[in-house]
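Just so you know, these numbers come straight off a predicted model, no measurement behind them. Along the sequence shown, the residues carry numbers beginning at 1.
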Amino acid sequence: MEETSREAVATAVQRVAGMLQRSDQLDKVEQYRRREARKKASVEARLKAAIQSQLDGVRTGLIQLHSALTDVKDIQSSLADVSKDWRQSINTIENLKDVKDAVVQHSQLASAVENLKNIFSVPEIVAETQQLIEQAELLQAHRKLMELECSRDDLMYEQYRMDSKNTSDMNLISIYFEDVQGLSDELAKQLWMVLQRSMVTVRRDPTMLVSVVRIIEREEKIDRRMVDRKKQTGFIPPGRPKQWKDKMFEVLEGTVSTRIEGTQAVTREADKMWLVRLLEITRKYVLDDLIVVKNLMVQCFPPHYNTFNRFFSLYHNAVSIRVKELAAEDLEANEIVSLLTWVLNTYKSVEMMGHPELHSECDINQLEPLLPQDVVDDLLSKYVQTFTSNITGWLRKALETDKKDWQKETEPEADQDGYYQTTLPAIVFQMFEQNLQVAAQIDGEFKEQVLKLCLKQMNTFLIRYREEAVTYKEDHLRDRQLPQCYVQYMIAIINNCQTFKESINSLKRKYSQSSEPTDSDAAIERTLNEVAKEGCQFLLDEVFLDLEHHLNELLTRKWLTGSHAVDTICVTVEDYFNDFNKIKKPFNQEMTSEALRRVVVEYIKAVMQKRITFKNADERREGAERMIKEADQFKFLFRKLAAGEDTDRLCGAIAAIAEVFKLTDPSLLFLEVTTLVSKYPDIREEHIQALLAVRGDASREMRQMIIGTLSENKVSYSGVTQPIFKDITVPTITMTTMTTMTSMATAKLLK
């Protein structure tokens, strides 16, 4: 208290000090005193009022506590009196048992009197109910049935309450009302029949379906009431609970299943497209039925039934079961594709479960897959096996058909650009295209798998194609008169290779998401190039078989004295290349270049075979001029045929050799040979020896000097240009040949 007082004094001092900081404030001391006095009086008044309020509350509380104490004492006294009276009345209650029994009996008799009219009219009501059921007046029939069941159930309940062990009276009541259960079963049959035809009924007479649902709802309420009473009393009437609501859903499920199972109108034996028809009918039925459910049937059922989603699930489950049954059958390849396309694509598309009219009512993404993934994988694996077997057969058959065309006496067809071709590429890639289109309907991954399989089969097919082309050539060589259009069909085979390349690239662009080349692509490319190049080689072989006789005339005495061998060679080559112009690029260009190279090589081979040895300078000059002229003929011809940039170099080899022969001063021979070697570094020593031998005037010492010097200063071959002399061999002179030549020379001299 003292501390509080000190704090108050200190506070007051601070306030006074704050008020009297200037001298002019001393005049206002009295004013300050009055103001503080008013404040003090106000605070004291509020304090007194608060204390008075608290005191009044305490006083009221004490009064109420005193009153409560008095009430508690009165209640305690009353409870003591009640306890005393209850102990005294126990015996009296036991004496009233007879009265209680009489009351129960009176209640039972009152119930019996109340139902007496119904009891006597049971047969009549049963007959009326039966008639109403037959007339399809289901609501009225159910009302009558409820009256009968109510009378029976009340009598049985009263009997159960009176004597639950008295089974004879219970049986008597059951026998008397035995027709009621039959009516209930008959009514249930009518209900189930209506539900089984619900899709038709809801269109024609929706009130009938509404009546069925109302009856089932009534029975559900009665079932719940009876089950609750059983929990309390232990009694439940016979036939309860009926559980008609559960039965209704079972009937609807069976109806949906029957609807789906009944869509198969034909079998495979009757129609090859049976599965497509079946799936289309199923799609149409399911879509039409669900639209009817959404627009009509939902209005016939209570909202809490969640009718649309329930039917949606029923149809989904029924379709899933049916699809699994179909998947378990021995399906053909096209049927597998039809089924998987329908299951994986059509089912959830806007054509069926994703239809705009259904989309707002359900989420198709929440649906379980119609087929488990392992079943889908098994079907795909089975399809791949069947497809592999089928495509192998198709390719074999296509090749056999193409081989028959090779024997025709008429030329093959030409495309719009005039290039020969057969129908083989179109047939093969039409098969591939059809199967890839089918695979694309299933999914992208499977499409890639089928594409890889097609390319793999294509590689195997091309190997067989190559073998057949070789056989075709060999058969022709046995009799060059047959087949008559050998050249034209060999050209078509070469062109087919280019068509195959273009078609494969087209398929990959269209059906493959990956642009990276694979091992299979490289193998196909390699095989096609080999087939085309071998075909070109076969055609050139054909040309040079016709030229063989004329090539053998080159660099002989007959040639020197005036032969038309080169003229014939040029005419023959040009004639063949009129047909070879129908070869597609790039093979036509490559073939022309190879033809030029082979002509030049064969010409140089004729030189190296030393068929002639010039006797004097005139023969050497005449032979050289003829060689230069013929080189110009070859150059003119192959420029006309567009043989490429290498034409001058190849034909120049003949002219360069001619210059070696044409040289009149043997002392300059080394320089001319050196020039030849510098232009064609792949030329070998034996080639130079052969040239010098044909020239006929080079002494042994000169030949040795030239060869020796060239060996010491050998020019390295870079390999940039295609070699000419590399594959040209110089025939060696054996002892037998030498003896023969000596004998012939001796005989000639003697003669």
Side-chain angles (χ1 to χ4, degrees), residues 188 191-203 206 208-210 212-217 219-220 223 242-264 278-328 339-376 379:
L191 299 181
W192 311 149
M193 288 176 63
V194 173
L195 289 172
Q196 287 170 355
R197 298 193 299 269
S198 56
M199 288 297 169
V200 177
T201 304
V202 77
R203 291 183 176 98
M208 176 66 75
L209 186 59
V210 172
V212 170
V213 176
R214 288 178 62 188
I215 292 170
I216 291 172
E217 278 293 291
E219 289 294 335
E220 280 294 301
D223 278 349
K242 292 183 179 181
Q243 298 180 332
W244 278 6
K245 184 177 179 181
D246 293 339
K247 180 63 177 177
M248 174 185 69
F249 291 131
E250 290 178 8
V251 171
L252 290 175
E253 182 177 359
T255 302
V256 171
S257 298
T258 303
R259 177 80 162 162
I260 299 301
E261 291 172 359
T263 54
Q264 184 166 350
L278 168 61
L279 295 174
E280 177 58 23
I281 293 172
T282 301
R283 183 199 67 79
K284 188 176 184 303
Y285 281 7
V286 171
L287 180 59
D288 292 348
D289 289 356
L290 287 177
I291 291 175
V292 169
V293 171
K294 174 180 177 292
N295 295 330
L296 299 177
M297 194 172 291
V298 168
Q299 302 172 16
C300 300
F301 289 83
H304 65 272
Y305 275 35
N306 199 10
T307 306
F308 180 80
N309 287 334
R310 187 180 293 274
F311 270 93
F312 195 81
S313 297
L314 289 177
Y315 274 96
H316 175 71
N317 294 334
V319 171
S320 179
I321 292 171
R322 183 62 179 135
V323 166
K324 289 175 183 176
E325 292 174 352
L326 292 171
L339 180 62
L340 289 178
T341 302
W342 193 87
V343 168
L344 300 177
N345 298 324
T346 305
Y347 184 69
K348 289 187 178 182
S349 70
V350 294
E351 298 177 0
M352 197 171 176
M353 304 305 262
H355 193 276
E357 286 199 45
L358 309 180
H359 187 67
S360 61
E361 299 293 331
C362 63
D363 184 4
I364 59 174
N365 295 321
Q366 300 298 322
L367 290 173
E368 292 292 327
L370 285 179
L371 287 176
Q373 189 59 43
D374 58 337
V375 176
V376 174
L379 287 174

Return all side-chain donor-acceptor pairs below 3.5 angstrom for residues 296-307, not counting sequence neighbours, or 'none' if the list is empty.
unit_1: Gln299; atom_1: NE2; unit_2: Asn295; atom_2: O; d: 2.9
unit_1: Tyr305; atom_1: OH; unit_2: Glu217; atom_2: OE2; d: 2.4
unit_1: Asn306; atom_1: OD1; unit_2: Asn309; atom_2: ND2; d: 3.0

Rounded to the nearest 0.5 angstrom, the OG1-CE distance for Thr282 and Met352 is 7.0 Å
Rounded to the nearest 0.5 Å, the CD1 atom of Ile291 sits from the CD atom of Glu357 at a distance of 4.5 Å
Hey, what's the ring geometry for Trp342 with Tyr347, parallel, tilted or perpendicular (30° and 60° as the breaks)?
tilted
Rounding to 0.5 Å, atoms OG1 (Thr346) and CG (Leu339) come to a distance of 10.5 Å
Side chain to side chain contact (heavy atoms under 4.5 Å, CB included) for Phe311 and Lys294? Distances and angles first, verdict last. CA-CA 9 Å; Phe311 270 93; Lys294 174 180 177 292; over 6 Å; no
Check: Where do Arg322 and Leu278 land on the side chain to side chain contact (heavy atoms under 4.5 Å, CB included) test, with the steps shown first?
Finding: CA-CA 11 Å; Arg322 183 62 179 135; Leu278 168 61; 4.0 Å; yes
CG (Leu326) and CD1 (Ile321) are apart, to the nearest 0.5 Å, by 12.0 Å
Distance col, row Glu219:CD vs Lys242:NZ, nearest 0.5 angstrom, shows 3.5 Å
Sorted by chain and residue number, the salt bridge (charged side-chain N to carboxylate O under 4.0 Å, His left out) partners of Glu368 (sequence neighbours excluded) come out as none
Applying side-chain contact (heavy atoms from CB on, under 4.5 Å) to Lys324 and not counting sequence neighbours gives Ser320, Leu371, Pro372
Value for CD1 (Ile260) from CD1 (Ile281), rounded to nearest 0.5 Å, stands at 11.5 Å
Can you give each donor-acceptor pair under 3.5 Å made by side-chain atoms of residues 246-257, sequence neighbours left out, with the distance rounded to 0.1 Å?
unit_1: Thr255; atom_1: OG1; unit_2: Val251; atom_2: O; d: 2.7
unit_1: Ser257; atom_1: OG; unit_2: Glu253; atom_2: O; d: 3.0

With sequence neighbours left out, the residues meeting side chain to side chain donor-acceptor pair (under 3.5 Å) with Asp289 are Arg259, Tyr315
With sequence neighbours left out, the residues meeting salt bridge (charged side-chain N to carboxylate O under 4.0 Å, His left out) with Lys348 are none
